[in-house]
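This report refers to the structure that appears directly beneath it.
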Amino acid sequence: MDFTSRRRKTRQVKVGSLTLGGGAPITIQAMCSKEAKTPKAIISQILQFEKEGCDLVRIAVPNLEIARAIPEIKKKIHIPLVADIHFDFRLAIEAINNGADKIRINPGNIGNVERVEQILAAARKYKTALRLGVNSGSLETDLLEKFGRPSSEALVASALRWVKIFEKNKFKNFVISIKSSGVRETVEAYEMIAKKCNYPLHLGVTEAGIPPYGSLKSAIGIGALLLLGIGDTIRVSLSSDDPVEQVRVAHQILKSVGLYNKEPEIIACPSCGRTEIDVIALAKEIEKRVAKIKKPLKIAVMGCTVNGPGEAREADFGIAGGRGQGAIFKKGKIIKWIPEAELVDEFMKIIEESL
Ligand code: SF4
């Protein structure tokens, strides 16, 4: 099934040079980590994200100094910048005045409706996009009382309440996120909100944890929604020493559901008693060598020639082990036998010639 044709139709939201929703490719976001506290450190981290293929970056704006450094940061980076604001509406307005492409607020923790309306007025003036974020921590007291806990229904009710306020203020340039650290609640909440409005959705499982568990949790939550056609931009929230890991995992999630067309996907057999080659070493080597190819090829590394080509007949190109003689195959058909020592070089030559 072509999941791309299932994608939910949404409004389009412009974030700097990027478009979110309305059929635009799903974008990858990352957030600068705690190490990025000064403009210099922020810029250096964003440039690393860009190198890994990040489309949109978010920085924490905890004080006026960072809000006022936005022009300086933007001069050095090449992707749109999102300012993450909590509690203080004045910081949001300052970030907007200083050219942030998008503001992320959880309106529930901004204090009151009037303050949120002041942010909306500034965003309208500068055509700044906004993310309306709702999570368990920012849920309004009356909703907590009504629903008894920060359930999916409570989160959706909160988001819809703010959607109404935004619309009353003639502000429609926004995306929505509804996050819970539970995968099940997150998926339920997004499914519900997707039926209730047509704003683009920012997907993520908040505080997913440390890898690999955090990556798996994110992959299951984000992946399930993408397969349902829900989601326009994603962020993998990971507690990792290397912040770039968020971008790498996001690529892998999009790739695994067929929604990433900027690089090849390597598939490899798990190996079994029939294995005639070192599948893991070979798959790693191929992964390294194809990293420079910016096309959505499916490449298979299989352990035996008896079953490998057939099992991976969906792959555009593949290698299968064969007792010292490796086989190269294309869409399930063996096209060449090569001594194992020359297998990788010859395989890469065939792939490159086809590009
Ligand atoms: Fe086993 Fe061959 Fe299948 Fe790999 S491709 S799992 S080696 S049968």
Side-chain angles (χ1 to χ4, degrees), residues 1-4 6 52-53 183 208 210-228 236 238 245 247-355:
M1 181 182 294
D2 176 13
F3 290 107
T4 47
R6 266 209 198 176
E52 286 293 328
V183 171
I210 52 172
Y213 185 63
S215 313
L216 282 170
K217 239 172 120 177
S218 298
I220 293 169
I222 296 173
L225 287 162
L226 291 174
L227 292 176
L228 291 170
V236 173
L238 272 187
E245 197 58 19
V247 185
R248 295 189 191 119
V249 175
H251 282 167
Q252 288 160 359
I253 294 173
L254 288 184
K255 232 195 267 186
S256 68
V257 292
L259 288 170
Y260 193 69
N261 60 8
K262 295 182 193 158
E263 58 188 51
E265 178 186 10
I266 310 287
I267 56 170
C269 85
S271 79
C272 70
R274 287 180 204 88
T275 307
E276 293 161 348
I277 209 160
D278 185 348
V279 177
I280 300 169
L282 208 53
K284 281 187 181 161
E285 174 69 16
I286 301 290
E287 188 176 56
K288 225 177 4 181
R289 299 261 205 125
V290 300
K292 58 179 191 271
I293 299 175
K294 301 294 167 207
K295 269 191 153 186
L297 289 175
K298 192 174 252 191
I299 296 172
V301 179
M302 307 299 279
C304 72
T305 51
V306 189
N307 290 337
E311 280 180 24
R313 68 168 62 84
E314 294 295 319
D316 298 298
F317 295 96
I319 293 183
R323 300 195 185 119
Q325 284 277 310
I328 295 176
F329 60 92
K330 218 173 150 179
K331 294 277 179 200
K333 297 247 167 338
I334 294 180
I335 54 167
K336 212 164 191 175
W337 287 92
I338 303 281
E340 219 175 287
E342 296 156 38
L343 190 56
V344 176
D345 286 342
E346 185 60 23
F347 187 51
M348 286 309 302
K349 210 169 114 201
I350 289 176
I351 294 177
E352 276 155 15
E353 279 169 7
S354 79
L355 297 174

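Atoms within each ligand, like the ligands themselves, are counted from 1 in listed order.
- The closest protein non-hydrogen atom to atom 8 (S) of ligand 1 is Asn307 ND2, 3.3 Å.
- Crowding of Lys331 atom NZ: a count of heavy atoms from other residues, nucleotides or ligands under 6.0 Å exceeding 12.
- Ranking the protein heavy atoms by distance from atom 2 (Fe) of ligand 1 puts Cys304 SG, 2.3 Å first.
- Under 4.0 angstrom from ligand 1, there are no non-hydrogen atoms of Glu276.
- Heavy-atom contacts of Thr275 reach the following atoms of ligand 1: 7 (S) (cutoff under 4.0 Å).
- The shortest heavy-atom contact between Lys330 and Asp316 is CG-O, 3.4 Å.
- At a threshold of 4.5 Å between non-hydrogen side-chain atoms, the residues Ile277 and Val279 count as touching.
- Contacts between Cys269 and ligand 1, counted as non-hydrogen atom pairs separated by less than 4.0 Å, involve the side chain only.
- Interface atoms of ligand 1 facing Gly308, defined by a heavy-atom separation under 4.0 Å, are 5 (S).
- The neighbour count for Ile280 CD1, taken as heavy atoms of other residues, nucleotides or ligands under 6.0 Å away, does not exceed 12.
- Because the distance cut-off is set at 2.8 Å, Cys272 qualifies as a neighbour of atom 1 (Fe) of ligand 1 through one of its N, O or S atoms.
- At a threshold of 4.0 Å, the pair Asp345-Arg289 counts as salt-bridged, since one of the basic side-chain nitrogens sits closer than that to a carboxylate oxygen.
- Residues Ser354 and Phe317 form a side-chain contact, since some pair of their non-hydrogen atoms from C-beta on lies under 4.5 Å apart.
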